[in-house]
Amino acid sequence: DEEKAESDGRRPLYGAQYFARLTQRIINALTTPTNMGKLYDVDLRLRPSGRSGPVATSLSSFVNYQRIEAWTWEHMALTRARVVSSSPAFKEKVEAAIAEALRQERDPGMIARDVLEMRQAIADERGDSERWDIKNAQGGLIDIEFLAQYFALIFGEVHPEILDTQTARVIDKARKLSLLDKEDGEVLIAAVTLYHNLTQILRLCVNGVFEPAKATPGLLALLARAGALPDFATLDAHLADTESKVRETFEQILNKAAEN
């Protein structure tokens with residue numbers, strides 16, 4: 001409450017201090033190693049102001065930052081933002097602030113160039129040549145997510161209904177609004193469904209990088225079944241073909257926009 005910055009209890013505390021401590025306790029609870037491992041990895045390095053920035057901020061500061069200082073990649077991330085826990089009234093305020101930040105007029109060419117630059121930076125850091133690194137591979141999940149975020153930022157002002165936290169739904173809405181070619185939309189939706197189905201299995205069954213040559217026959221059969229194909233060899237070929245089509249669509253859409 002900006003009008004009452006300090007609590008009125010026996011030991012008064014400023015709101016900023018309280019929420020900073022609360023946030024840090026939540027992070028500690030999620031990341032503390034146990035006999036079963038950590039519950040979640042929490043990465044706050046990309047928060048506003050970087051590692052030196054506050055872990056909790058006021059809504060007014062958030063609104064001002066998103067309006068004036070945020071970079072394209074921060075607005076890309078914001079397309080996935082959702083309220084986890086809140087009173088109904090404050091949730092409405094936060095969602096309105098997010099919508100306001102996303103529904104700005106933007107230069108499609110500049111956004112496309114920023115998206116391509118960000119994608120290349122990720123490829124340089126993590127690599128993009130391993131087909132079964134489904135998230136990072138060329139034509140993998142990141143390519144589809146970045147396309148969805150591009151559509152949300154470019155068309156959010158005119159078509160606010162395209163804003164959604166789920167990649168598949170954004171792509172589907174872009175197709176239905178004729179913002180995306182029907183054939184390209186079908187390729188991307190089929191791909192994101194395949195990628196999610198395979199990723200769920202891999203996350204449950206594999207620690208680290210999946211190497212087909214070292215996998216058990218049971219896991220290979222399970223992956224083939226998740227991909228709705230008769231055997232792993234067919235799935236492997238289908239994944240390669242899917243990633244190739246997704247990459248072609250990704251480059252075609254963004255390179256064309258970046259040239260304008």
Ion pair present between D172 and R175, side-chain N to carboxylate O less than 4.0 angstrom?
yes
Could you state the interatomic distance from CD1 (I134) to CG (L239), rounded to the nearest 0.5 Å?
5.5 Å
Give a yes or no on whether V209 and L219 share a hydrophobic cluster (residues Ile, Leu, Val, Met, Phe, Trp, Tyr; joining criterion: side-chain heavy atoms under 4.5 Å apart).
no
Point-to-point distance, once rounded to the nearest 0.5 Å, from OH of Y18 to CG of L13:
9.0 Å
Main-chain N/O of R45 paired with D43 side-chain donor or acceptor, under 3.5 Å:
yes
F155 and L177: side-chain contact (heavy atoms from CB on, under 4.5 Å), yes or no, with the steps?
CA-CA 10 Å; F155 298 111; L177 290 166; over 6 Å; no
Audit row: D236, R131, salt bridge (charged side-chain N to carboxylate O under 4.0 Å, His left out) steps and yes/no:
CA-CA 9 Å; D236 192 43; R131 177 161 68 248; 2.9 Å; yes
Shared hydrophobic cluster for L44 and V83 (ILVMFWY, side-chain gaps under 4.5 Å):
no
Residue E105 excluded, over 12 heavy atoms near CD under 6.0 Å
no
Minimum heavy-atom distance A97-V63, with the two atoms named
CB-CG2, 3.7 Å
For the pair D164 and K173, evaluate side-chain contact (heavy atoms from CB on, under 4.5 Å) and give the outcome as yes or no after the intermediate values.
CA-CA 9 Å; D164 200 296; K173 291 176 182 179; 3.1 Å; yes
Before accepting this row, confirm whether a basic side-chain N of the pair K135/E145 lies closer than 4.0 Å to the acidic partner's carboxylate O.
no
Are L222 and L204 linked, directly or through intermediate hydrophobic residues, by side-chain heavy-atom contacts shorter than 4.5 Å (ILVMFWY only)?
no
Tell me whether the rings of F232 and W132 are parallel (<30°), tilted (30 to 60°) or perpendicular (>60°).
parallel
Hey, could you give me the CG/CG distance between L223 and D231, rounded to the nearest 0.5 Å?
12.0 Å
Examine the side chains of Q120 and D124 and answer whether a donor and an acceptor come within less than 3.5 Å of each other.
yes
OH of Y65: more than 12 outside heavy atoms within 6.0 angstrom?
yes
Looking only at heavy atoms, the pair that brings Q66 and A70 closest together is OE1-CB, 3.6 Å
Would R67 and E100 satisfy salt bridge (charged side-chain N to carboxylate O under 4.0 Å, His left out), going step by step from the backbone distance to the final call?
CA-CA 9 Å; R67 182 187 297 124; E100 179 188 349; 2.9 Å; yes
Say you draw a straight line from NZ of K176 to CZ of R169; how long is it, rounded to the nearest 0.5 Å?
11.0 Å
Looking at T23 and A56, what are the two nearest heavy atoms and their distance?
OG1-CB, 3.8 Å
Do L188 and L180 come within less than 4.5 Å of each other through their side chains, counting heavy atoms only?
yes
Counting heavy atoms not belonging to E248, are there more than 12 under 6.0 Å from its CD?
no
Residue pair R119 / A137: nearest heavy atoms and the distance that separates them
NH2-O, 3.2 Å
R80/Q149 under side-chain contact (heavy atoms from CB on, under 4.5 Å): CA gap, chis, key distance, verdict:
CA-CA 8 Å; R80 306 291 293 275; Q149 292 162 17; 3.9 Å; yes
Is there a continuous path of hydrophobic side-chain contacts, each under 4.5 Å between heavy atoms, that joins L78 to V55?
no
Answer whether the closest heavy-atom distance between the side chains of D114 and W73 falls below 4.5 Å.
no
Considering only NZ, NE, NH1 and NH2 on the basic side and carboxylate oxygens on the acidic side, decide whether E243 and R247 come within less than 4.0 Å.
no
Do F19 and S58 come within less than 4.5 Å of each other through their side chains, counting heavy atoms only?
no
T32 side chain vs N28 backbone, donor-acceptor pair below 3.5 Å
yes
Measure the shortest side-chain to side-chain distance between L22 and I26 over non-hydrogen atoms and say whether it is less than 4.5 angstrom.
yes
Correct closest heavy-atom pair for A112 and A257 would be CB-CB, 3.7 Å
Can you confirm whether E183 is buried at CD, in the sense that more than 12 heavy atoms of other residues, nucleotides or ligands lie under 6.0 Å from that atom?
no
Report yes or no: does E74 contribute a side-chain atom to a donor-acceptor pair with the main-chain N or O of W71 at less than 3.5 Å?
yes
Find the distance between CG (L147) and CD (Q252) and round it off to the nearest 0.5 Å.
10.5 Å
Count I, L, V, M, F, W, Y as connected when their side-chain heavy atoms are under 4.5 Å apart, and connections chain through other members. Are I98 and L59 then in the same cluster?
yes
In this structure, are over 12 heavy atoms from other groups packed under 6.0 Å from E92 atom CD?
no
Would you check if T57 and N64 make a side-chain contact, meaning some heavy-atom pair closer than 4.5 Å?
no
How many angstroms lie between atom CG of L254 and atom OG1 of T249, to the nearest 0.5 angstrom?
10.5 Å
Is L163 close to R103 at the side-chain level, that is, under 4.5 Å between some pair of heavy atoms?
yes
Test item: E130 and N136 side chains (from C-beta on) under 4.5 Å apart, heavy atoms
no
Got V115 and L153 here, is their nearest side-chain heavy-atom distance under 4.5 Å?
no
Please indicate whether E117 has more than 12 foreign heavy atoms, meaning atoms of other residues, nucleotides or ligands, lying under 6.0 Å from its CD.
no
For the residue pair G227 and L198, what are the closest heavy atoms and their distance?
N-CD2, 4.3 Å
Dump the intermediate steps for side-chain contact (heavy atoms from CB on, under 4.5 Å) on H196 and L141, then the final yes or no.
CA-CA 8 Å; H196 283 159; L141 193 55; 3.9 Å; yes
